[in-house]
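Here the structure is laid out as structure tokens; the discussion comes afterwards.
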Protein chains: 2
Amino acid sequence: MSDNEHAIERALRRSGVRLTRARRAVLDALLEAERHLTAAQVHALGRQSCPSLSLASVYRTLALLQSLGHVQLVHSDDDCQSYAVAPAGHSHQLICSACGWTYAFSECDLSPLVADMEARTGFRIVEHLLELRGLCPKCRE
Amino acid sequence: MSDNEHAIERALRRSGVRLTRARRAVLDALLEAERHLTAAQVHALGRQSCPSLSLASVYRTLALLQSLGHVQLVHSDDDCQSYAVAPAGHSHQLICSACGWTYAFSECDLSPLVADMEARTGFRIVEHLLELRGLCPKCRE
DNA sequence: GTAAGTGCAAACCTTTTGCAATCGG
DNA sequence: CCGATTGCAAAAGGTTTGCACTTAC
């Protein structure tokens with residue numbers, strides 16, 4: 001994890017983003033939790049390493065990380081208020097419905113499906129959103 | 001479209017749901033728009049056929065239709081506040097990024113992808129969320 | 001006729017914003 | 001040191017809820 005952390009921090013530096021205590025706290029919360037978290041949960045966890053952390057900074061940092069592609073929204077049928085770490089570039093999430101564990105992946109060959117839908121609808125498909133849900137190894141027991 | 005409308009209305013009756021003026025207005029707005037709509041947009045459109053329609057009823061009806069599987073949330077990177085009609089059972093949306101036109105489909109063979117992810121992560125994958133975005137025939141011009 | 005559903009207004013929650021104080025490079 | 005960032009508190013959305021009235025069946 002700490003490799004991952006450094007990778008993102010390095011990327012942030014490269015983007016000319018200041019690494020403040022608040023931003024590190026938000027990033028660490030997401031990296032250490034290894035699951036999707038709401039802003040409130042990030043706030044609670046982040047305060048452990050940065051007691052003065054405000055909810056406003058959590059939102060500002062989440063928006064920043066999302067705009068730089070380091071964090072993604074996690075969707076569900078009702079609520080879409082959770083965030084999870086994402087690798088650089090196109091990626092998707094594999095989520096444990098039981099414990100929330102969230103794993104990002106990039107491999108997703110939808111070409112046959114996309115080609116079929118394009119042929120049948122006349123659409124030009126440009127992007128896709130994909131999320132897989134199930135039970136992680138621990139929760140299967 | 002009016003076939004579709006009847007199908008959903010019949011399904012509602014079968015579920016023992018009362019077909020009120022407000023509910024019909026919400027359903028018609030979504031069916032006629034053929035695109036994803038926010039609650040506020042449904043409200044505005046719905047008032048054309050039911051002037052007294054309140055936003056509260058729009059929310060209540062959307063929740064009802066969603067719980068019965070006739071309506072789905074449409075997700076995007078930032079906002080997830082739009083709704084669209086969905087066919088009975090498992091389905092996904094194909095969305096035009098330009099005009100919002102939304103088309104629901106059910107065919108999605110992700111078995112190879114799912115099998116691969118299960119093998120590599122130990123997860124037992126139970127469900128998935130998929131959305132395709134691009135340009136519809138009209139907007140491609 | 002009666003229970004389910006509606007409209008209204010108030011309550012709620014989450015997210016955003018203005019601003020003076022603080023901090024990172 | 002200087003501008004970017006923060007915390008706070010207030011504002012702004014969007015959504016939900018309590019309640020008396022209305023409506024579908």
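Numbered from 1 within each chain, the chains take letters A, B, ... in sequence-line order. Computed from a prediction, not measured in an experiment: that's the story for all the values here.
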Distance below 4.0 Å between B/Ser54 side-chain N/O and C/dC8 OP1 or OP2: no
OP1 or OP2 of D/dT5 less than 4.0 angstrom from a side-chain nitrogen or oxygen of A/Thr20, does that happen here? no
SB check B/Arg120 B/Glu118 (cutoff 4.0 Å): no
When you check the gap from the basic side-chain N to the acidic O, do A/Glu9 and A/Arg23 get nearer than 4.0 Å? no
Nearest heavy atom decides the nucleotide; on that basis, is B/Ala63 or A/Ala56 closer to the 5' end of DNA chain D? A/Ala56
Between [atom2] of [N] and [atom1] of [X], the distance in whole Å:
X	N	atom1	atom2	answer
A/Leu73	C/dT14	CG	P	15 Å
A/Gln81	D/dT16	CD	P	10 Å
A/Leu53	D/dG7	CG	C1'	10 Å
A/Leu55	D/dA11	CG	P	18 Å
A/Arg24	C/dC23	CZ	C1'	12 Å
B/Leu62	D/dT16	CG	P	10 Å
A/Asp78	C/dT14	CG	P	14 Å
A/Leu19	C/dC23	CG	C1'	13 Å

Among C/dG24, D/dT17, D/dC8, find the nucleotide with the atom closest to the side chain of A/Arg18. C/dG24
Considering every strand and a 4.0 Å limit on heavy-atom distances, what is the contact class for A/Arg23: base, sugar-phosphate, or nothing? sugar-phosphate
With sugar-phosphate meaning primed atoms plus P, OP1 and OP2, does B/Ala22 contact a base, only sugar-phosphate, or nothing at under 4.0 Å between heavy atoms? sugar-phosphate
Supply the atom-to-atom distance A/Arg21 CZ to A/Ser49 OG, rounded to the nearest 0.5 angstrom. 8.0 Å
So CH2 of A/Trp101 and SG of A/Cys139: to nearest 0.5 Å the spacing works out to 10.5 Å
Between A/Ala39 and A/Arg60, which has a closest nucleotide on DNA chain C that is more 5'? A/Ala39
Start at the 5' end of DNA chain C and walk down; is the nucleotide closest to B/Arg47 or to B/Val17 reached first? B/Val17
In terms of ring plane angle, is the pair B/Tyr103 and B/Phe105 parallel, tilted or perpendicular, where the classes change at 30° and 60°? parallel
For the side chain of A/Arg13 and the base of C/dG25, is some donor closer than 3.5 Å to an acceptor across the two? no
